[in-house]
*Asks:* 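Have a look at this one.
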Amino acid sequence: MKRLLSFLFVAMVSTIMMAQAVIKFEKTTIDFGTFNENKVQVGSFVFTNTGDKPLVIQQAYGSCGCTVATPPKDPIAPGAKGVIKVSYNGKGKFKGFFKKAITVRSNASNSIVRVYLQGNMLVDE
């Protein structure tokens, strides 16, 4: 009887732990190409909740103040898509190639994911 109860307990815990949200991005890098510093670059990271529980984005933040991310406020249902809007404002920054990280924290099994913005910024002389 103890073995049966132990087995049922382990099976129940395993089932509960397996049911989770999973975040899967369509692409993990947005390349803005070459642009002038006077134009703020904007883009979107599209993702899907491939898990079987609602996905909640708790935070999405850039590696510096020039990078801003705006995640969805509402939970993303299993199988549904969501969008994280991003912008890069290089005004006053160094010219040339850059690569900035955006860290996304969620309740997904892959709870911390990094996506990237990159480009080559020209500075007005």
Side-chain angles (χ1 to χ4, degrees):
M1 185 64 160
K2 280 186 179 180
R3 284 187 180 169
L4 177 62
L5 288 175
S6 295
F7 174 76
L8 290 174
F9 177 74
V10 169
M12 231 174 25
V13 169
S14 297
T15 302
I16 290 170
M17 291 180 69
M18 289 168 55
Q20 291 192 21
V22 179
I23 189 168
K24 173 114 174 76
F25 284 91
E26 289 183 2
K27 60 183 176 180
T28 57
T29 301
I30 293 176
D31 189 345
F32 292 129
T34 300
F35 62 94
N36 188 287
E37 75 172 325
N38 292 322
K39 185 168 188 295
V40 174
Q41 300 298 302
V42 294
S44 298
F45 286 101
V46 178
F47 61 89
T48 304
N49 177 5
T50 61
D52 53 5
K53 294 286 184 192
L55 172 68
V56 177
I57 305 292
Q58 297 154 339
Q59 269 184 320
Y61 56 92
S63 56
C64 71
C66 57
T67 305
V68 177
T70 307
K73 294 182 194 284
D74 295 327
I76 307 301
K81 291 184 183 276
V83 176
I84 297 175
K85 296 178 183 176
V86 294
S87 66
Y88 174 79
N89 183 355
K91 184 75 173 165
K93 305 295 181 202
F94 292 109
K95 68 178 180 178
F97 179 80
F98 68 90
K99 187 170 189 172
K100 302 292 182 180
I102 296 171
T103 304
V104 179
R105 293 175 166 260
S106 69
N107 68 329
S109 59
N110 51 336
S111 62
I112 298 176
V113 178
R114 284 191 181 82
V115 292
Y116 300 92
L117 301 177
Q118 69 181 33
N120 183 35
M121 187 176 72
L122 304 176
V123 178
D124 283 339
E125 305 275 342

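Heads up: numbering here begins at 1 and tracks the sequence.
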*Asks:* Could you state the interatomic distance from NZ (Lys81) to NZ (Lys24), rounded to the nearest 0.5 Å?
*Replies:* 10.0 Å
*Asks:* Is the Phe98 ring parallel, tilted or perpendicular to the Phe32 ring (thresholds 30°, 60°)?
*Replies:* tilted
*Asks:* Measure the CZ-CG distance between Phe97 and Asp31 for me, rounded to the nearest 0.5 Å.
*Replies:* 7.0 Å
*Asks:* Please tell me if the side chains of Leu117 and Lys99 come closer than 4.5 Å, counting only heavy atoms from C-beta onward.
*Replies:* no
*Asks:* Roughly how far, to the nearest 0.5 Å, is the CD atom of Gln59 from the CD1 atom of Ile112?
*Replies:* 9.0 Å
*Asks:* Nearest 0.5 Å, what's the CD-SG distance between Glu37 and Cys66?
*Replies:* 12.0 Å
*Asks:* Are the side chains of Leu55 and Phe47 in touch, meaning some heavy atoms are under 4.5 Å apart?
*Replies:* yes
*Asks:* Using a 4.5 Å cut-off on heavy atoms from C-beta on, say whether the side chain of Met121 contacts that of Gln41.
*Replies:* no
*Asks:* Compare all side-chain heavy atoms of Thr67 with those of Tyr116 and state whether any distance is below 4.5 angstrom.
*Replies:* no
*Asks:* Provide the closest heavy-atom pair for Gly51 versus Pro78 in the form atom of the first, atom of the second, distance.
*Replies:* O-CB, 3.3 Å
*Asks:* If every non-hydrogen atom of Pro72 is compared with every non-hydrogen atom of Val83, which pair is closest and at what distance?
*Replies:* CD-O, 3.2 Å
*Asks:* Grab the two heavy atoms, one from Thr29 and one from Phe45, that are nearest each other, plus how far apart they are.
*Replies:* N-CE2, 4.0 Å
*Asks:* Under the side chain to side chain contact (heavy atoms under 4.5 Å, CB included) rule, what do Asn107 and Gln58 come out as? Steps first, then yes or no, please.
*Replies:* CA-CA 7 Å; Asn107 68 329; Gln58 297 154 339; 4.1 Å; yes
*Asks:* To the closest 0.5 Å, what do you measure between CD1 (Ile23) and CD1 (Ile76)?
*Replies:* 8.5 Å
*Asks:* Find the distance between CD1 (Ile102) and OG1 (Thr28) and round it off to the nearest 0.5 Å.
*Replies:* 11.5 Å
*Asks:* So Arg105 and Ile57, side chain to side chain contact (heavy atoms under 4.5 Å, CB included) or not? Walk me through it.
*Replies:* CA-CA 6 Å; Arg105 293 175 166 260; Ile57 305 292; over 6 Å; no
*Asks:* Are any non-hydrogen side-chain atoms of Ile84 and Ser44 less than 4.5 angstrom apart?
*Replies:* no
*Asks:* When you measure from the side chain of Asn49 to the backbone of Ala21, do you find a donor-acceptor pair of N or O atoms at a distance under 3.5 Å?
*Replies:* no
